[in-house]
Chemist: 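Would you mind keeping the following structure in view while I ask a few things?
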Amino acid sequence: MAIWLMKSEPDEFSINDLKTKQRANWDGVRNFQARNYMRDMAQGDLVLFYHSSCKVPGIVGTATVSKTAHPDPSCLDPNSPYFDPKSTQESPRWVQVELTFESKFANPITLAMMKAMPELEGFPLVKKGNRLSVMPVADGYWAALQAL
DNA sequence: GCCAACGTTGGC
DNA sequence: GCCAACGTTGGC
């Protein structure tokens, strides 16, 4: 089983929204590297849910991949903020995965905490200028996070 | 194919 | 709200 980290702005879609819905399609990813990682996800993979662009950025809970990558319909919808004019019915370009809620942490693992951990040096999330919204979590980093 | 201009992300 | 970092676009 692989471990992933996915970012979301809580104003757009938060861990509470996922908890309420239980299942949700993770759409709107418009970055090729992030998309390629989503294609690599397998059924049952664990996802660390990260809140970005908010008061206290950090990992706030977990989810599992309940449906692997399939076309993201929002890229074909002219009324969607995620509309992509370069996508076509034959070649939609973008994918979504379906996540199922697993847990919400009583105490989030904040970005500040992670930046202070020497074990996480090299983890893309804590690198300066990181903007990747979907990333794999290597075993060593996962072990360090679990220790919390 | 290079690279400047521009837009977006995201922490602070 | 600011700004650094990075991805994308488009002219050449």
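Quantities reported herein were computed from a predicted structural model and do not represent experimental measurements.
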Chemist: For A/Ile59 and B/dG11, give me the distance from atom CD1 to atom C1', rounded to whole Å.
Modeler: 16 Å
Chemist: Give a yes or no on whether A/Glu121 atom CD has more than 12 heavy-atom contacts from other residues, nucleotides or ligands under 6.0 Å away.
Modeler: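 Count not over threshold, so no.
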Chemist: Determine whether a donor-acceptor pair (N or O, by modelled atom type, separation under 3.5 Å) exists between the side chain of A/Asp77 and the backbone of A/Ser74.
Modeler: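 Answer holds: no.
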Chemist: Between A/Asp72 and A/Gly28, is there a donor-acceptor pair closer than 3.5 Å when you use the side chain of the first and the backbone of the second?
Modeler: yes
Chemist: With a cut-off of less than 4.0 Å, is there a side-chain N or O of A/Lys86 near OP1 or OP2 of C/dT9?
Modeler: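 Yes.
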Chemist: Starting from P on B/dT9, measure out to NZ on A/Lys7 and report it in whole angstrom.
Modeler: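 Taking atom P of B/dT9 as the reference, NZ of A/Lys7 is at 11 Å.
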Chemist: From CE of A/Met6 over to P of B/dG10, roughly how many Å is that when rounded to an integer?
Modeler: 13 Å
Chemist: Atom CD of A/Glu12 and atom P of B/dT8: how far apart are they, to the nearest Å?
Modeler: 14 Å
Chemist: Taking only side-chain nitrogens and oxygens of A/Tyr50, does any of them come within less than 4.0 Å of OP1 or OP2 of B/dT9?
Modeler: no
Chemist: Do A/Phe49 and A/Trp4 have their ring centres less than 6.0 Å from each other?
Modeler: no
Chemist: Taking DNA chain C as the partner, which of residues 118-129 of chain A come within under 4.0 angstrom of it by heavy atom?
Modeler: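 Residues of residues 118-129 of chain A under 4.0 Å from DNA chain C: A/Lys128, A/Gly129.
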Chemist: To the nearest 10°, let me know how far the axis at one end of the helix from B/dG1-C/dC12 to B/dC12-C/dG1 is tilted from the axis at the other, five pairs an end.
Modeler: 10°
Chemist: Below 4.0 angstrom, N of the basic side chain to O of the carboxylate: do A/Arg93 and A/Asp84 qualify?
Modeler: yes
Chemist: Between A/Lys115 (NZ) and B/dG11 (C1'), how many Å, whole number?
Modeler: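 After rounding, the reported distance stands at 6 Å.
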Chemist: Using a 6.0 Å cut-off, check whether atom CD of A/Gln89 has over 12 heavy atoms from anything other than its own residue.
Modeler: no
Chemist: In whole angstroms, how far is the C1' atom of B/dG10 from the CZ atom of A/Arg30?
Modeler: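 It is 19 Å, rounded to the nearest whole Å.
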Chemist: Examine distances only and state if a side-chain atom of A/Asp45 and a backbone atom of A/Ala42 form a donor-acceptor pair shorter than 3.5 Å.
Modeler: yes
Chemist: What is the minimum heavy-atom distance between A/Gln96 and A/Met38, and which atoms define it?
Modeler: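 Reported closest heavy-atom pair: CA-CE, 4.1 Å.
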Chemist: Using only atom types and a distance under 3.5 Å, with no angle test, would you say the side chain of A/His51 pairs donor to acceptor with the backbone of A/Ile15?
Modeler: yes
Chemist: Mind calculating the distance between CG (A/Asp84) and P (B/dG7) to the nearest angstrom?
Modeler: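 Atom-to-atom, A/Asp84 to B/dG7, this comes out as 18 Å.
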Chemist: Tell me the interatomic distance from A/Phe32, atom CZ, to C/dT8, atom C1', rounded to whole angstroms.
Modeler: 9 Å
